[in-house]
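One structure is given below, encoded as structure tokens.
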Amino acid sequence: MLINIIRKKIWEGIKSIDLKSPPKSKIIVEYPKHKKFGDYATNIALSLSKKYKINPMTLAQKLAVSLSSDELFSKVNAEKPGFINFYISKKYLQNALKEINKQKVQYGSNLQIGKGKKVLIEFVSANPTGPLNVVNARAAAFGDSLANIFSALGFYVEREYYINDAGNQIDLLVESVESYLNIIANIDIEELDEGYKGEYIFDIAKQILEIEGPSFFNQTKTEKYKRIKDFALNSILIDQKRALDRFRVRFDNWISESELRQKGSIEDLLTYLSETGNIYDKDGAVWLSSSKFGDVKDRVIMRTDGSVTYIIPDLAYHITKYKRGFDKIIDILGPDHHGHIAKLKAGISILGYKASAMSFILLQQVNILANHKITKMSKREGNIITLQDLINEVGTDVARFFFLTRKPNTPLDFDIELAKKQSSENPVYYVQYAHARICSIKRMAISQGIKLHKFKKEYLMRLIHDTEIEIIRHLIKFPELIVHIGASNDVNLLTTYLTELASLFHSFYQKYKVINPKHKELSLARLYLCKAVRVVLFNGLNLLGISAPTKM
RNA sequence: GCGCCAGUAGCUCAGCAGGAUAGAGCAACGGCCUUCUAAGCCGUAGGUCGGAGGUUCGAAUCCUCUCUGGCGUGCCA
């Protein structure tokens with residue numbers, strides 16, 4: 001990456017100037033906000049000036065002079081307070097296209113970063129009590145794209161979905177279905193007040209009756225419970241998977257809570273916890289001393305009735321993540337799991353695992369706006385907008401892009417009406433259109449006998465206009481951006497980046513003609529530039545899980 | 001009460017690995033299709049970055065306080 005090359009050169013420059021001892025501080029190289037300050041800039045002279053008691057400007061000038069002979073730069077300037085601004089030479093930029101077009105789908109990848117380290121990303125993990133909602137959709141888009149980015153950075157990534165198929169909410173689900181069964185069969189007309197109420201519950205009840213017939217009711221209570229539970233869970237999970245599939249999200253692992261419980265992991269965990277001496281009895285319940293490990297207070301882990309609270313199976317589950325040897329464990333959580341993080345971290349520390357290997361990304365809520373008013377959704381009440389609905393309304397590409405333009409921890413108002421109405425003005429189309437345009441140009445070029453295999457690298461000199469150079473400048477930042485996102489999890493920066501690239505390209509398209517049979521060399525050079533833009537648009541969209549159409 | 005998140009243009013939001021004149025999209029206004037797709041381009045207008053202090057050569061960005069909104073703070077998951 002260019003940014004690292006520059007860092008290295010600055011470092012060498014510093015050594016060549018006789019400072020008493022070379023500095024240990026990191027060399028920060030950044031993109032200046034304004035073009036007139038060059039392509040890259042460093043504040044190293046400012047940050048070193050204090051330590052060495054030198055005037056920052058003097059130091060900057062010295063460094064600038066020593067670096068300006070490098071052919072990578074057309075100019076190296078020292079500026080006002082003590083910045084050093086680097087202007088990349090046109091020749092370097094022109095030649096950078098070769099690298100992009102050579103690497104193609106690999107461009108932007110950087111396998112050296114992850115070096116095969118194992119990353120586990122758990123996301124969505126919705127309760128199997130109903131269809132996926134819009135927060136789940138946001139999590140799906142975000143988690144999947146983040147996983148794509150980690151893969152591009154050379155990590156070994158697994159996407160994981162944890163199925164909470166045990167606990168109170170499952171009992172409630174079964175009771176809800178049962179009440180509908182009774183209603184359909186005229187055994188009872190009362191709807192369950194506290195139960196889940198969506199149409200899907202009704203459908204499940206109907207299907208059970210269709211399959212089992214009236215003899216269903218002859219079974220014992222426990223038999224019926226098991227029948228309903230198995231059928232309902234299966235049906236809901238299939239539905240969730242189908243929706244995720246349409247959303248282009250595939251999980252590597254589906255981990256079932258009840259299976260974990262069956263394997264005895266809860267008992268093992270409880271035994272281990274009591275051995276560590278971090279649990280105690282109080283008020284007839286068993287408590288975890290989580291407050292000693294950063295939680296705001298101690299938590300009940302076993303109720304007076306002997307059942308365990310949610311934290312225990314979840315902790316048991318998280319231990320498997322460590323045991324499976326992941327170096328980096330990422331949980332993407334919904335807003336309601338906010339209070340859960342401290343407990344989990346405390347538990348992990350108590351058990352002697354490194355809590356620092358875990359990171360939690362909290363997604364804020366998604367409000368659905370209808371008639372410009374927020375509609376409160378509740379799975380219990382069955383009035384949710386599902387992922388399926390969302391895909392039907394706006395499509396996978398739009399929905400994914402929309403979710404990914406926001407950083408995770410800002411709440412997101414999703415105006416369905418607007419998204420539908422403005423679908424032709426949506427930024428995703430803007431980016432996709434740039435891609436489609438390039439494909440269109442390519443088709444036209446071929447039809448006019450201008451073929452890229454006749455391109456020669458000497459033609460690159462013909463790319464001299466600001467707009468052209470500007471595009472290349474942007475293109476070479478792509479790998480740097482992907483690395484940055486891998487470190488910061490700021491997936492939203494990629495959507496911004498692609499929008500900027502599309503904007504530069506549209507501008508170029510408007511200003512210059514690519515195909516001109518009278519100027520074959522120029523045409524081929526521009527075609528080559530287009531190709532590189534297409535590579536980056538394609539790879540970027542691909543990382544976001546969004547299609548790159550060749551025609552629109 | 002305590003904790004977390006947010007507060008930036010009329011609206012929705014970027015920017016917050018401290019940097020040099022705070023950005024985009026939508027909405028508004030004015031232009032551009034005989035030429036590779038107008039789902040596009042060019043231009044105009046719009047801001048004391050919630051407020052007050054502090055750290056720094058330098059703060060939208062870091063720290064403290066404060067106001068507003070959301071969420072969490074279950075022997076629910």
Side-chain angles (χ1 to χ4, degrees), chain A residues 26 28-30 32-34 36-37 41-43 46-47 49-50 56 79-83 85 127 129 164 166-170 172 257 282-287 295-297 299-305 307-311 313-314 334-342 362 364-365 367 369 372 402 405-415 418 422-434 436-445 447-448 450 484 487-488 490 492-493 495-496 499-500 502-503 505-516 523 526-527 530 551-552:
Chain A
K26 212 173 80 188
I28 295 170
V29 176
E30 60 192 2
K33 221 177 283 177
H34 295 278
K36 66 168 186 176
F37 295 128
T42 182
N43 61 352
L46 286 160
S47 58
S49 64
K50 213 195 300 178
E79 291 285 345
K80 284 174 280 177
F83 290 103
N85 298 330
N127 278 343
T129 53
N164 290 123
N168 290 341
Q169 82 279 9
I170 299 302
L172 189 63
E257 177 181 349
K282 195 182 90 180
D283 305 332
V286 183
W287 296 68
D295 198 356
V296 285
K297 58 181 186 182
R299 307 288 175 171
V300 169
I301 57 168
M302 192 185 283
R303 305 182 187 101
T304 36
D305 69 0
S307 63
V308 292
T309 58
Y310 176 58
I311 180 72
D314 205 37
D336 49 336
H337 279 66
H338 182 172
H340 190 60
I341 297 173
L362 268 181
Q364 285 304 317
Q365 68 189 103
N367 297 313
L369 298 180
H372 302 290
F402 202 87
T405 52
R406 266 77 168 172
K407 58 185 174 187
N409 54 12
T410 42
L412 162 57
D413 290 341
F414 203 116
D415 191 329
L418 206 70
Q422 294 192 329
S423 61
S424 64
E425 292 155 15
N426 195 295
V428 67
Y429 291 107
Y430 186 77
V431 176
Q432 288 179 320
Y433 186 51
R437 259 187 165 168
I438 293 170
C439 296
S440 172
I441 293 170
K442 190 184 164 193
R443 272 179 246 123
M444 181 60 72
S447 77
Q448 302 211 3
I450 298 173
H484 173 60
S488 67
D490 293 333
N492 58 297
L493 296 181
T495 59
T496 312
T499 308
E500 283 164 359
S503 169
F505 177 75
H506 286 310
S507 194
F508 160 78
Y509 175 89
Q510 205 72 28
K511 214 164 164 184
Y512 304 106
K513 207 140 159 55
V514 175
I515 301 163
N516 187 341
S523 298
R526 286 188 175 155
L527 213 49
C530 289
K551 211 182 266 184
M552 280 174 78

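This one's a predicted model, so the numbers in the text were calculated from it and none came from an experiment. Order of the sequence lines fixes the chain letters, A, B, ..., with proteins taken first and strands second; residue numbering starts at 1 for each chain.
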**Report entry** Side-chain N,O (T410(A)) to OP1/OP2 (A14(B)) below 4.0 Å
**Finding:** yes
Query - G43(B) to G51(B) separation - C1' atoms, rounded to the nearest Å - result: 36 Å
Query raised in the report: Any donor-acceptor pair under 3.5 Å between the side chain of S507(A) and the base of C41(B)?
Result: no
Query raised in the report: How far, in whole Å, is U21(B) from C63(B) if one measures between their C1' atoms?
Result: 27 Å
Requested in this report: Would you classify C5(B) as syn or anti? Syn applies when the glycosidic angle is within 90° of 0.
Outcome: anti
Report task. Look at all strands and tell whether H337(A) reaches a base, only sugar-phosphate, or nothing, counting heavy atoms closer than 4.0 Å. Result -> base
Query raised in the report: For N492(A), which contact category applies under a 4.0 Å heavy-atom criterion: base, sugar-phosphate, or nothing?
Result: sugar-phosphate
Query - Rounded distance in Å between the C1' positions of A60(B) and G50(B) - result: 12 Å
Shorter than 3.5 Å, N or O on both sides, protein versus nucleotides 18-24 of chain B: list them out with atom names.
from, atom 1, to, atom 2, distance (Å)
G19(B), N7, N43(A), ND2, 2.9
A20(B), OP1, K33(A), NZ, 3.1
A20(B), OP2, K33(A), NZ, 2.6
A20(B), N6, N85(A), OD1, 2.8
A20(B), N1, N85(A), OD1, 3.1
A20(B), N1, N85(A), ND2, 3.1
U21(B), O2', H34(A), NE2, 3.1
U21(B), O4, K36(A), NZ, 2.2

Query raised in the report: Would you say a side-chain N or O of Y433(A) is under 4.0 Å from OP1 or OP2 of A39(B)?
Result: yes
Query raised in the report: Over how many whole Å does the gap from K407(A) atom NZ to C16(B) atom C1' extend?
Result: 7 Å
Query raised in the report: Can you check the R406(A) CZ to U8(B) P distance for me, whole Å?
Result: 14 Å
Query raised in the report: Roughly how many Å is it from CG in D490(A) to C1' in G15(B), rounded to a whole number?
Result: 11 Å
Query raised in the report: Using purine N1 to pyrimidine N3 plus N6-O4 or O6-N4 for Watson-Crick, or N1-O2 and O6-N3 for G-U wobble, each under 3.5 Å, what pairs with C76(B)?
Result: none
Query raised in the report: Within the structure shown, what part of the strands sits under 4.0 Å from F508(A) by heavy-atom distance: base, sugar-phosphate, or nothing?
Result: nothing
Query raised in the report: What nucleic acid atoms does L493(A) come within less than 4.0 Å of, heavy atoms only: base, sugar-phosphate, or nothing?
Result: sugar-phosphate
Query raised in the report: If you find the nucleotide of RNA chain B closest to H338(A) and the one closest to N516(A), which residue's nucleotide is nearer the 5' end?
Result: H338(A)
Query - Derivation and outcome, side chain to side chain contact (heavy atoms under 4.5 Å, CB included), residues K551(A) and R443(A) - result: CA-CA 10 Å; K551(A) 211 182 266 184; R443(A) 272 179 246 123; 4.0 Å; yes
Query - Nearest-Å distance once atom C1' is located in both A27(B) and G46(B) - result: 11 Å
Query - C1' gap between C42(B) and A38(B), integer Å - result: 13 Å
Query - Distance test, side-chain N/O of R303(A) to OP1/OP2 of A77(B), below 4.0 Å - result: yes
Query raised in the report: In whole Å, what is the span from the CZ atom of F505(A) to the P atom of A39(B)?
Result: 14 Å
Requested in this report: Using a 4.0 Å heavy-atom cut-off across all strands, classify A434(A) as base, sugar-phosphate, or nothing.
Outcome: nothing
**Report entry** Heavy-atom donor-acceptor pair, T309(A) side chain to M302(A) backbone, under 3.5 Å
**Finding:** no
Report task. Would you kindly give the CD1-to-P distance between I170(A) and A77(B), to the nearest whole Å? Result -> 11 Å
Query - Interatomic distance at P, G30(B) relative to G70(B), whole Å - result: 40 Å
Query raised in the report: What class does the angle between the rings of H340(A) and Y310(A) fall in, given that below 30° is parallel, 30 to 60° is tilted and above 60° is perpendicular?
Result: tilted
Query raised in the report: Any side-chain heavy atom of M444(A) within less than 4.5 Å of one from S447(A)?
Result: yes
Requested in this report: Grab the NZ-C1' distance between K511(A) and C36(B) for me, whole Å please.
Outcome: 18 Å
Query raised in the report: Whole Å only: how far is the CG atom of L412(A) from the P atom of A6(B)?
Result: 15 Å
Report summary line: Re C26(B): Watson-Crick or G-U wobble partner, both distances kept under 3.5 Å, found to be G10(B)
Report task. Measure the spacing between CG of N168(A) and CG of N127(A) and express it to the nearest 0.5 Å. Result -> 11.0 Å
Query raised in the report: Which is true for V296(A) with a 4.0 Å heavy-atom rule: it touches a base, it touches only sugar-phosphate, or it touches nothing?
Result: nothing
Query raised in the report: Looking at the side chain of S440(A), which of A77(B), C41(B), U37(B) is the nearest nucleotide?
Result: U37(B)
Query raised in the report: Going through the checks in order, is the side chain to side chain contact (heavy atoms under 4.5 Å, CB included) test met by L46(A) and F83(A)?
Result: CA-CA 7 Å; L46(A) 286 160; F83(A) 290 103; 4.0 Å; yes
Query raised in the report: When all nucleic acid strands are considered with a 4.0 Å heavy-atom cut-off, which category describes K551(A): base, sugar-phosphate, or nothing?
Result: base
Report task. Kindly determine whether L527(A) and V514(A) satisfy side chain to side chain contact (heavy atoms under 4.5 Å, CB included), including the steps that lead there. Result -> CA-CA 6 Å; L527(A) 213 49; V514(A) 175; 3.8 Å; yes
**Report entry** Ring-face cation of R437(A) near Y509(A) (centre distance under 6.0 Å, axis angle within 45°)
**Finding:** yes
Query - 5' precedence on RNA chain B between H506(A) and N409(A) (nearest-nucleotide basis) - result: N409(A)
Query raised in the report: Counting N and O atoms only, with roles assigned by atom type, does the side chain of Q169(A) sit under 3.5 Å from a partner on the main chain of N164(A), one being a donor and the other an acceptor?
Result: yes
Report task. Under the ring pair (Phe, Tyr, Trp, His ring centres under 6.0 Å) rule, collect the residues that match up with H506(A), sequence neighbours excluded. Result -> Y430(A), Y433(A)
Query raised in the report: From the list C75(B), C36(B), A77(B), which nucleotide is the closest neighbour of the side chain of I441(A)?
Result: C36(B)
Requested in this report: For nucleotides G54(B) and G25(B), find the distance between their C1' atoms and express it as a whole number of Å.
Outcome: 36 Å
Query raised in the report: Taking only N and O in the side chain of Y509(A), is any of them less than 4.0 Å away from OP1 or OP2 of A38(B)?
Result: yes
Report task. Please determine, for G46(B), whether a Watson-Crick or G-U wobble partner exists with both distances under 3.5 Å, and give it or none. Result -> none
Query raised in the report: What integer number of Å spans the C1' atoms of A14(B) and U56(B)?
Result: 26 Å
Requested in this report: Considering just the side-chain nitrogens and oxygens of R437(A), establish if one lies under 4.0 Å of OP1 or OP2 belonging to A38(B).
Outcome: yes
Requested in this report: Can you tell me the distance, in whole Å, between the CD atom of Q510(A) and the P atom of G43(B)?
Outcome: 12 Å
Query - Stepwise side chain to side chain contact (heavy atoms under 4.5 Å, CB included) test for T499(A) and V431(A) - result: CA-CA 6 Å; T499(A) 308; V431(A) 176; 4.0 Å; yes
Query - Paired nucleotide for C33(B) [Watson-Crick or G-U wobble; both distances under 3.5 Å] - result: none
